[in-house]
Participant: 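There's a structure below that I have some questions on.
Here is how names work: the chains are called A, B, and so on, in the same order as the sequence lines, proteins then strands, and each is numbered from 1.
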Amino acid sequence: MLDPQLLRAELQNTADKLAQRGYPLDTVQWEQLEVSRKNIQIETEALQSQRTKISKSIGQAKAKGEDIQPLLDQVANMGEKLEQSKDLLKSTLAKMEEVTLYTPNLADDSVPVGVDEDDNVKVSTWGEPKVFDFKVKDHVELGDIKQGLDAESAANLSGSRFTLLSGEMAQLHRALAQFMLDKHTREHGYKEYYVPYMVNAETMQGSGQLPKFSDDAFITEDDRYLIPTAEVPLTNLVADTIIDESDLPIKMTAHTPCFRREAGSYGKDTKGMIRQHQFDKVEMVQIVHPEHSSEALEEMTSHAEAILQALELPYRKIILCTGDMGFSASKTYDLEVWLPAQDTYREISSCSNCTDFQARRMQARFRATNVKKPQLVHTLNGSGLAVGRTLIAVMENYQNDDGSISVPKVLQTYMGGKTLLNQG
RNA sequence: GGAGAGAUGGCAGAGCGGUUGAAUGCACUGGUCUUGAAAACCAGCAUACGUUAAUAGCGUAUCCAGGGUUCGAAUCCCUGUCUCUCCGCCA
């Protein structure tokens, strides 16, 4: 949610900024709502105040044994009037909430203005794509040779967009997740969490997945949601809390499966395990002082980069333009890893500063020692990294002529000392 | 799954349907006292929204949540959620 003050004091300016994100805000409708809200609320609270006063005097009169009938007459028709006024206020506020809950965060001033992914801007590249002296295979082909990546069995078990890994491939997948967690907890200062994979609607709303994107999530029969990312449970850990300033920043990480409906992506990335209903991810979340969120985003992105660098996977870092950013984000860096078989870079991490957008929805605040009033924290999240896609990247970048796959140095201890995968 | 108990401020814990935003204790903050500390004593100590130049006043809301009864609800009724105890089942 945006700061309601922005919608009052700087409505046009805010609407212009939202337009850059491709979100049209009906300012005329909003202003009308705001005017009626003000009148109705003042009216309602005045009525409430009057009635409370009379009700109290009834109590006092009764205690003294006085006749209360005149007072009862006075208050007789107030109830109905108050009810009407309350209902009107309620429906007006609901209309306003309908707008605010569906309105995305404002982009940071440093974000390039643009329409879609074509307007994203490259920030930097790292590493040189390896030159192969043989025809490279993609991960599907490599997985087939090794018999470790089994789309057919997964389809039989569950349907499309699922993957089954076995043998060394399953081990490598596990090794990657372990390695990432170790790196973040031992070197980057994150605390490890094991979190629920299902959350309630309130939690989904806190981090911005609901109500707007309900089609993207799996919902259970008892109205719980399968998490689309560990960002949801981790970030909401501070919902409805007031944190002591000295406890900031809070840095959390978790390795979880992520579940996404991928509604509307029919036909996209249908081959292989690029886009799945279920995939593993190691997620980083930071809860920080508002003054430090910009630098925290840089830091967190570097933590994701450190994984790619340790794995010696070439990648580039891009900044998403206003039109391509996610709903809650104010600024987002994507890391794209080199996939030789596709001869291109593909997203493997996304790191965002959500400023106070999620914090306001969740009521996540901190209290500074010198300021009496609790203030909203800033929240950040980033993939560090998507495990399935990292597996693909390792497979394709570390492939050999005979279809075997070399094990990246940093993973060898996690793989029982193996340096080459060819056993299936 | 069956039976029962409960949910009140940071914590503990009162609260006959009326002047209760809510006793009391602890914690916390400031002060007095003290060489210093402790103890003792005094004072203060919620949040959100609205109005407003105001983090001043004033108003409204909040005793798990949502409905209801009533002139008036922390207190009565209904529904839901969560917690605890016992039985059953179970990784």
Side-chain angles (χ1 to χ4, degrees), chain A residues 1-11 30-101 194 196-206 210-211 219-225 233 236-248 290 356 358-377:
Chain A
M1 266 167 75
L2 297 179
D3 184 349
Q5 291 305 325
L6 281 176
L7 292 170
R8 293 210 191 115
E10 303 171 41
L11 182 60
W30 181 261
E31 271 178 329
Q32 284 170 354
L33 281 171
E34 176 61 22
V35 169
S36 35
R37 186 231 95 224
K38 188 165 167 172
N39 293 332
I40 298 163
Q41 184 164 351
I42 290 172
E43 163 87 11
T44 308
E45 290 182 0
L47 279 170
Q48 183 71 255
S49 177
Q50 280 175 39
R51 196 189 64 180
T52 306
K53 274 197 192 107
I54 299 174
S55 291
K56 278 184 180 171
S57 61
I58 290 175
Q60 288 169 336
K62 225 175 166 181
K64 289 181 202 155
E66 293 169 3
D67 181 19
I68 57 169
Q69 196 52 47
L71 289 167
L72 286 175
D73 292 342
Q74 222 183 99
V75 89
N77 60 351
M78 279 187 70
E80 203 179 331
K81 227 166 129 188
L82 183 60
E83 277 314 304
Q84 283 174 6
S85 192
K86 269 184 178 171
D87 286 348
L88 192 55
L89 180 62
K90 213 170 165 183
S91 65
T92 307
L93 288 174
K95 275 182 206 155
M96 295 179 85
E97 191 174 61
E98 180 82 356
V99 177
T100 55
L101 278 179
Y194 170 81
Y197 299 160
M198 295 183 213
V199 297
N200 57 32
E202 198 185 346
T203 303
M204 288 286 275
Q205 181 169 304
L210 289 183
I219 183 166
T220 66
E221 206 169 318
D222 61 349
D223 291 327
R224 273 182 260 267
Y225 293 82
N236 278 283
L237 231 36
V238 294
D240 293 312
T241 60
I242 298 175
I243 301 158
D244 203 89
E245 188 180 21
S246 60
D247 290 333
L248 297 176
D356 61 9
Q358 294 178 320
R360 186 171 293 106
R361 287 173 164 242
M362 296 187 300
Q363 284 305 303
R365 292 169 297 169
F366 74 99
R367 199 190 301 273
T369 44
N370 53 343
V371 186
K372 194 180 156 201
K373 209 174 150 68
Q375 306 163 69
L376 293 168
V377 296

Participant: Nearest to the E45(A) side chain among U52(B), U19(B), G59(B), which nucleotide is it?
Facilitator: G59(B)
Participant: Would you say the base of G18(B) and the side-chain of K62(A) have a donor-acceptor pair closer than 3.5 Å?
Facilitator: yes
Participant: Using atom P in both nucleotides, what's the gap between C76(B) and C33(B) to the nearest angstrom?
Facilitator: 50 Å
Participant: Ignoring backbone atoms, establish whether K90(A) has a side-chain N or O less than 4.0 Å from OP1 or OP2 of G67(B).
Facilitator: yes
Participant: Any side-chain N or O of S49(A) under 4.0 Å from OP1/OP2 of U60(B)?
Facilitator: yes
Participant: Counting only side-chain nitrogens and oxygens, does R360(A) get under 4.0 Å of the OP1 or OP2 atom of A48(B)?
Facilitator: no
Participant: Select from V75(A) and Q5(A) the residue whose nearest nucleotide in RNA chain B is closer to the 5' end of that strand.
Facilitator: Q5(A)
Participant: Could you pull out the closest heavy-atom pair between I243(A) and L248(A), with the gap in Å?
Facilitator: CG2-CD2, 4.0 Å
Participant: Does any donor atom in the side chain of N200(A) or T203(A) lie under 3.5 Å from an acceptor atom in the other side chain?
Facilitator: yes
Participant: Can you check the distance between G66(B) and A14(B), where both ends of the measurement are the P atom (answer in whole Å)?
Facilitator: 25 Å
Participant: Please pick, from C71(B), U52(B), U47(B), the nucleotide with the shortest atom-to-atom distance to any side-chain atom of P374(A).
Facilitator: U47(B)
Participant: Considering residues, nucleotides and ligands other than E80(A), do more than 12 of their heavy atoms fall under 6.0 Å from its CD?
Facilitator: no
Participant: Counting heavy atoms from C-beta on, name the nucleotide in G18(B), C49(B), U51(B) closest to the side chain of S55(A).
Facilitator: G18(B)
Participant: Check whether any side-chain N or O of K56(A) sits under 4.0 Å from OP1 or OP2 of G17(B), and answer yes or no.
Facilitator: no
